[in-house]
S.K.: 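This is the structure, below, for whatever I ask next.
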Amino acid sequence: MSERPSWQHFQEQLREAGFRPSRRFGQNFLLDENMLEAIARDARITPGQTVLEVGPGLGFLTRHLLECGAHLVCAEIDERLLEIARSWIEGPEWVHGDVLAGKHRLAPAVAAALPAHSDWQLVSNLPYSVAAPLLGVLADLEHPPSGMTVLVQREVAERIAGRPGSSDWGLLSIVLQCDYTAELVRHVPPQLFWPRPEVDSSVVRLVRKPDPLPRALRTELIELCARLFQRRRQTLGRVLGEIRGREAALSSLAALGWEPSRRAEELDLRELLDLCKRPIPPPA
Ligand code: SAM
């Protein structure tokens, strides 16, 4: 692998470009080579596999992904960073612009660069503002990634990998765990970044399940959970009553053998699916 130029070299280039890190774009660069190498390894890239990297920044993680044999597509919003990364890294397909077109759609230029039939992955140190919407959008694609290995704010990583009954278990956990297994892989302390973020960060790895949900059922489940988890601490009898009508709600819960005093936050994915599949009985 080619040597990475010194940090001083990059600092000069950033100064010349008039760059000041933007909080809005989550511009905290991970400098530690051992940690970057570990994250690339966590993704278990197979040689030739397409990898989407969102926000390559100066190209520090990019270099390690190439070393793993990835065919890289890199989408970066900041043209000055893109120029610097391009000046020392060869190989990726570079896309300049926002990775998302609005909150619920991948930018067309990024979508066009992804394979329609072969396996691909997302591996990124994600900006905070993009993390949750991007992961949701990718999981919902017609040809979704087989894996997503991302460095995100620790609190977001804990929500992604949240378990039923915990305060982390919520809509983001469900949207992703419908079709992916989620595992917290490692914590990354703030002192390994420039500038130093005010929060802790963690790597989370998502692996697509062999039996993802049918799309229509997935959509229905997410819609139901969006409403249930808005008032996660209220009883199901009450919240479901407002969604389906009181009689229908009580009858669904009775058919499942559940007390109306149960709460959405206690239910695991299987139970949420059971509730979702429960037909709404006709009015008596
Ligand atoms: N990959 C680099 C690293 O590990 O040091 C930089 C990661 S930094 C946390 C996030 C990067 O995402 C920045 O380069 C930022 O400019 C870029 N970015 C922010 N919002 C973006 C968006 N909506 N689309 C594409 N890139 C974005």
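Numbers here simply count residues along the sequence, with the first being 1. On a predicted model such as this, the values are computed, not experimentally measured, just so you know. Note that ligands are numbered from 1 as they come in the structure, with each ligand's atoms numbered from 1 the same way.
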S.K.: Hey, is Leu100 one of the residues with a heavy atom under 4.0 angstrom from ligand 1?
M.R.: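 No, Leu100 has no heavy atoms under 4.0 Å from ligand 1.
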
S.K.: Evaluate the ring planes of Trp7 and Phe60, with Trp represented by its six-membered ring, and classify them as parallel (under 30°), tilted (30 to 60°) or perpendicular (over 60°).
M.R.: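 Trp7 and Phe60: perpendicular rings.
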
S.K.: Evaluate Asp78 for polar contact with ligand 1, using N/O atom pairs at a separation under 3.5 Å.
M.R.: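 The answer is no, given that Asp78 and ligand 1 share no N or O pair closer than 3.5 Å.
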
S.K.: Side chain or backbone of Leu151 under 4.0 Å from ligand 1, or both, or neither, by non-hydrogen atoms?
M.R.: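 No part of Leu151 comes within reach of ligand 1.
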
S.K.: Of the backbone atoms (N, CA, C, O) and the side-chain heavy atoms from C-beta on, which set of Phe29 has a member under 4.0 Å from an atom of ligand 1: side chain, backbone, both, or neither?
M.R.: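 Under 4.0 Å from ligand 1, Phe29 contributes backbone and side-chain atoms.
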
S.K.: Could you list which atoms of ligand 1 come closer than 4.0 Å to a heavy atom of Glu53?
M.R.: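 With Glu53 as reference, the close atoms of ligand 1 come out as 1 (N).
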
S.K.: Could you check atom 19 (C) of ligand 1 against the protein and tell me its nearest heavy-atom contact, residue, atom and distance included?
M.R.: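 In this structure, atom 19 (C) of ligand 1 has Phe25 O, 3.2 Å as its nearest protein heavy atom.
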
S.K.: Taking 4.0 Å as the limit for heavy-atom contacts, which would you say applies to Pro56 with ligand 1: side chain only, backbone only, both, or neither?
M.R.: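 Answer for Pro56: backbone.
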
S.K.: Just which atoms of ligand 1 are under 4.0 Å from any heavy atom in Leu81?
M.R.: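 Per the distance check, 14 (O), 16 (O).
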
S.K.: Which protein heavy atom lies closest to atom 20 (N) of ligand 1, and at what distance to 0.1 Å?
M.R.: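 That would be Pro127 CG, 3.6 Å.
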
S.K.: Would you mind listing which atoms of ligand 1 come within a distance below 4.0 Å of any non-hydrogen atom of Gln27?
M.R.: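 Numbered from 1, ligand 1 contributes 13 (C), 15 (C), 16 (O).
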
S.K.: Checking Glu223 against Arg227 for the salt bridge (charged side-chain N to carboxylate O under 4.0 Å, His left out) test, could you report, in this order, the C-alpha distance in whole Å, the side-chain angles of both residues, the deciding distance, and whether it holds?
M.R.: CA-CA 7 Å; Glu223 277 170 16; Arg227 298 186 69 180; over 6 Å; no

S.K.: Suppose we measure from atom 3 (C) of ligand 1 to each protein heavy atom; which comes out shortest, and what is that distance?
M.R.: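 Scanning the protein heavy atoms, the shortest distance from atom 3 (C) of ligand 1 goes to Asn125 ND2, 3.4 Å.
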
S.K.: Specify the protein heavy atom at minimum distance from atom 12 (O) of ligand 1: its residue, its atom name, and the distance to 0.1 Å.
M.R.: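 Among all protein heavy atoms, the one nearest atom 12 (O) of ligand 1 is Gly55 CA, 3.2 Å.
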
S.K.: Using a 4.0 Å heavy-atom threshold (strictly under), name the region of Val99 that reaches ligand 1: side chain, backbone, both or neither.
M.R.: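 Both of them.
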
S.K.: Taking NZ, NE, NH1 and NH2 as the nitrogens, is one of them in Arg154 or Glu158 under 4.0 Å from a carboxylate oxygen of the other?
M.R.: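 So Arg154 pairs with Glu158 through a salt bridge.
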
S.K.: Between Asp140 and Arg218, does at least one N-O distance fall below 4.0 Å, as a salt bridge requires?
M.R.: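 Yes.
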
S.K.: If you count the non-hydrogen atoms of other residues, nucleotides and ligands that lie under 6.0 Å from CZ in Arg238, is the total more than 12?
M.R.: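 Result for CZ/Arg238: open.
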
S.K.: Using a strict cut-off of 4.0 Å, indicate which atoms of ligand 1 neighbour a heavy atom of Ala75.
M.R.: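 Listed by number with element: 25 (C), 26 (N).
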
S.K.: Within the 4.5 Å heavy-atom criterion, are Pro133 and His104 side-chain neighbours or not?
M.R.: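 No, their side chains stay 4.5 Å or more apart.
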
S.K.: Would you mind listing which atoms of ligand 1 come within a distance below 4.0 Å of any non-hydrogen atom of Gly57?
M.R.: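 Numbered from 1, ligand 1 contributes 6 (C), 14 (O).
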
S.K.: Show which residues join Val199 in its hydrophobic cluster (side-chain heavy-atom contacts under 4.5 Å, direct or indirect), or state none.
M.R.: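 The other cluster members (ILVMFWY side chains, heavy atoms under 4.5 Å, direct or chained): none.
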
S.K.: May I ask you to say whether Lys209 pairs ionically with Asp211, meaning some side-chain N is under 4.0 Å from a carboxylate O?
M.R.: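 Here Lys209 does not pair with Asp211 in a salt bridge, since their nearest N and O are not under 4.0 Å apart.
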
S.K.: Are more than 12 heavy atoms from other residues, nucleotides or ligands located less than 6.0 Å from atom CZ of Arg80?
M.R.: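 More than 12 within 6.0 Å, yes.
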
S.K.: Only heavy atoms count here, so choose which of Arg80, Glu76, Glu79, His96 is nearest to atom 17 (C) of ligand 1.
M.R.: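 Of the listed residues, Glu76 has the closest heavy atom.
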
S.K.: So is Arg24 touching ligand 1 or not, going by heavy atoms under 4.0 Å?
M.R.: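 Heavy atoms of Arg24 never come under 4.0 Å of ligand 1.
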
S.K.: Identify the protein heavy atom lying closest to atom 8 (S) of ligand 1, giving its residue, its atom name and the separation to 0.1 Å.
M.R.: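 Protein heavy atom at minimum distance: Gly26 O, 3.3 Å.
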
S.K.: With nothing but distance in play, are any N or O atoms of Leu30 less than 3.5 Å from an N or O of ligand 1?
M.R.: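 Such a contact does occur with ligand 1.
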
S.K.: Please work out which of the three classes, parallel, tilted or perpendicular, describes the rings of Phe19 and Phe29, given edges at 30° and 60°.
M.R.: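 Phe29 vs Phe19 ring planes: tilted.
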
S.K.: Nearest 0.5 Å, what's the CD-CZ distance between Glu3 and Arg63?
M.R.: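 Rounded to the nearest 0.5 Å, the CD-CZ separation comes to 6.5 Å.
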
S.K.: Between the side chains of Glu266 and Arg232, is the shortest nitrogen-to-carboxylate-oxygen separation below 4.0 Å, so that they form an ion pair?
M.R.: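 Here Arg232 does not pair with Glu266 in a salt bridge, since their nearest N and O are not under 4.0 Å apart.
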
S.K.: What's the shortest distance from atom 27 (C) of ligand 1 to any protein heavy atom, and which residue and atom give it?
M.R.: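 Nearest neighbour among protein heavy atoms for atom 27 (C) of ligand 1, to 0.1 Å: Ile77 CG2, 3.6 Å.
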
S.K.: Report the member of Asp98, Leu31, Ile39 with the shortest heavy-atom distance to atom 22 (C) of ligand 1.
M.R.: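 Result: the heavy atom closest to atom 22 (C) of ligand 1 is in Asp98.
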
S.K.: Let's go through Asp200 and His187 carefully: what are the C-alpha distance in whole Å and the side-chain angles of both, what is the deciding distance for side chain to side chain contact (heavy atoms under 4.5 Å, CB included) to 0.1 Å, and is it a yes or a no?
M.R.: CA-CA 8 Å; Asp200 288 338; His187 296 306; over 6 Å; no

S.K.: Could you tell me if any non-hydrogen atom of Gly97 lies under 4.0 Å from any atom of ligand 1?
M.R.: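 Yes, Gly97 has a heavy atom closer than 4.0 Å to ligand 1.
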
